[in-house]
There are 2 protein chains.
Amino acid sequence: MITNRNCIVRLSRYKKALYRFKAMGFVKFFSDTLGEAVGVAPSQVRKDFSLFGISGNRRGGYNLDQLIKKLQNILGKDQIQKVVVVGMGNIGKALISYRGFEKEGIQIVSVFDIDPAKFEKDQTVPVLPLNEFKSFVQDNNILIGIIAVPDIAAQQVLDMMSASGIRGVLNFAPIRLKSDKDTVISNVNFELELENLIYFVNAAEKQELINEDKIA
Amino acid sequence: MITNRNCIVRLSRYKKALYRFKAMGFVKFFSDTLGEAVGVAPSQVRKDFSLFGISGNRRGGYNLDQLIKKLQNILGKDQIQKVVVVGMGNIGKALISYRGFEKEGIQIVSVFDIDPAKFEKDQTVPVLPLNEFKSFVQDNNILIGIIAVPDIAAQQVLDMMSASGIRGVLNFAPIRLKSDKDTVISNVNFELELENLIYFVNAAEKQELINEDKIA
DNA sequence: TAGATTGTTAATCGATTAACAATC
DNA sequence: TAGATTGTTAATCGATTAACAATC
């Protein structure tokens with residue numbers, strides 16, 4: 001099993017690039033065409049493909065339709081992925097109003113919140129009481145959950161998710177969650193991203209000063 | 001100059017852990033205490049410190065207050081970091097209502113939008129017309145910007161940011177932006193994160209089936 | 001001092017890139 | 001066929017971990 005996150009991210013990027021190729025009317029492509037489009041070396045493309053047993057045609061490159069299907073299959077795009085969100089705050093709202101998921105086969109089927117004022121049972125994406133979470137998730141066989149609650153509530157929500165059968169969690173709360181090994185957690189942390197960015201901007205500014213000194 | 005993103009992420013985590021140590025009344029700490037708290041090897045801690053010229057006391061470990069100051073300094077926390085947001089949608093709202101930035105010295109000073117209905121000049125965090133962006137950013141010496149607009153507008157917003165003196169951009173639009181080399185871009189892509197998560201969940205499920213087979 | 005911990009060098013590990021024989 | 005591109009092996013690169021002499 002491939003455990004390298006970067007490699008999977010590249011597969012997603014390959015897929016996106018291949019959609020563009022298809023829209024441009026292409027029928028086949030080569031490892032260097034795709035590599036250039038995504039910004040990686042052609043040998044990286046071939047290596048990634050070979051890790052997943054994808055093969056092309058020596059001299060003839062790769063068949064576009066075939067590859068798109070293959071990548072969709074690897075990335076779980078061959079069936080609709082149903083996702084639930086806990087927390088109907090601004091993040092929750094941003095997620096359900098985001099139009100990009102649908103075309104990627106990701107479907108947010110419902111949101112759960114603890115605040116009765118937020119319940120909306122009749123919407124396309126209903127907002128339901130938290131105590132209906134477990135039965136809903138089990139009845140609908142949902143594997144993926146998104147935590148969009150304040151950090152103080154996040155661990156409790158994760159525990160509930162694990163206990164309900166959720167196997168993958170995207171966590172927006174800025175804390176480090178403890179989970180059993182059966183649940184995969186992926187964190188999105190705005191604070192950390194910004195702090196990182198600030199470091200690199202400062203570092204670049206300093207570097208520039210040094211370079212100017214050298215020139216002067 | 002250190003260019004390893006993971007290393008900087010670790011520094012942020014070290015800082016967070018040291019805050020906790022301080023809250024617990026500690027005065028000094030060792031590389032293995034910190035390593036355990038953050039989940040990295042003690043030699044990794046020492047290596048990271050040495051990359052930034054941070055030294056402790058052989059046998060005596062590291063002074064907590066001193067290290068916190070040092071890390072704050074490296075991460076640009078010794079002064080308030082002013083940030084502007086473009087796009088007053090759900091992401092924009094989520095960002096300005098997020099309480100965690102303040103204690104980290106990150107201050108969102110204003111949001112810009114193209115829709116007059118969203119302008120709110122008198123708020124703590126005002127929402128201003130996009131055409132005031134450049135002068136505002138230049139007058140206030142702002143280096144960091146967040147793109148929270150639909151993908152169709154993102155490249156244009158980035159170009160405006162670069163032209164206004166912004167040097168670091170956190171991009172929430174799900175497209176690959178082209179920038180001049182002077183501007184650092186960091187992408188947050190929910191779709192990509194979810195796709196990734198789905199892959200790893202599926203992979204784990206398959207792995208489990210294999211394991212069950214082996215046991216049976 | 002004796003013992004524990006740092007700081008740094010060397011070893012390991014994993015991922016990316018280069019090279020090239022196989023082959024369509 | 002000749003030439004171009006794959007698929008895979010080997011080389012390189014960079015980051016993490018281990019080891020240990022220096023030293024407080």
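Chain letters run A, B, ... following the sequence lines, proteins first, then strands; residues in each count from 1. Just so it is clear, the structure is predicted and the values come from calculations on it, not from any experiment.
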Can you give one letter per nucleotide of nucleotides 1-14 of chain D, 5' to 3': B if a protein heavy atom sits under 4.0 Å from the base, S if only from the sugar-phosphate, - if neither?
--BBBBB-B-----

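- Under the 30°/60° scheme for interplanar angles, the aromatic rings of A:Phe49 and A:Phe29 are found to stand perpendicular.
- Note on residues 104-114 of chain B: pairs passing side-chain hydrogen bond (donor to acceptor under 3.5 Å, both in side chains), not counting sequence neighbours, are B:Lys15-B:Glu104.
- For the salt bridge (charged side-chain N to carboxylate O under 4.0 Å, His left out) test, no residue two or more places apart in sequence or in another chain qualifies with B:Lys206.
- For the residue pair B:Asn189 and B:Glu193, no side-chain donor N or O sits within less than 3.5 Å of a side-chain acceptor on the partner.
- Ring centroids of A:Phe136 and A:Phe133 are separated by 6.0 Å or more, keeping the two rings apart.
- Here B:Asp180 pairs with B:Ser162, B:Asp182, B:Thr183 under the side-chain contact (heavy atoms from CB on, under 4.5 Å) rule; sequence neighbours left out.
- Taking the six-membered ring for Trp and the full ring otherwise, B:Phe190 and A:Phe172 have centroids separated by under 6.0 Å.
- Distance B:Ile2 CD1 to D:dT16 C1': 15 Å, rounded to the nearest Å.
- The list of side-chain hydrogen bond (donor to acceptor under 3.5 Å, both in side chains) pairs with a residue in residues 30-43 of chain B, not counting sequence neighbours, reads B:Ser31-B:Arg46.
- When heavy atoms are screened at a 4.0 angstrom cut-off, A:Arg10 is found touching the sugar-phosphate backbone but no base atom.
- With pairs defined as Watson-Crick or G-U wobble and both atom distances under 3.5 Å, the stems of at least three pairs that touch DNA chain C come out as C:3-24 with D:3-24.
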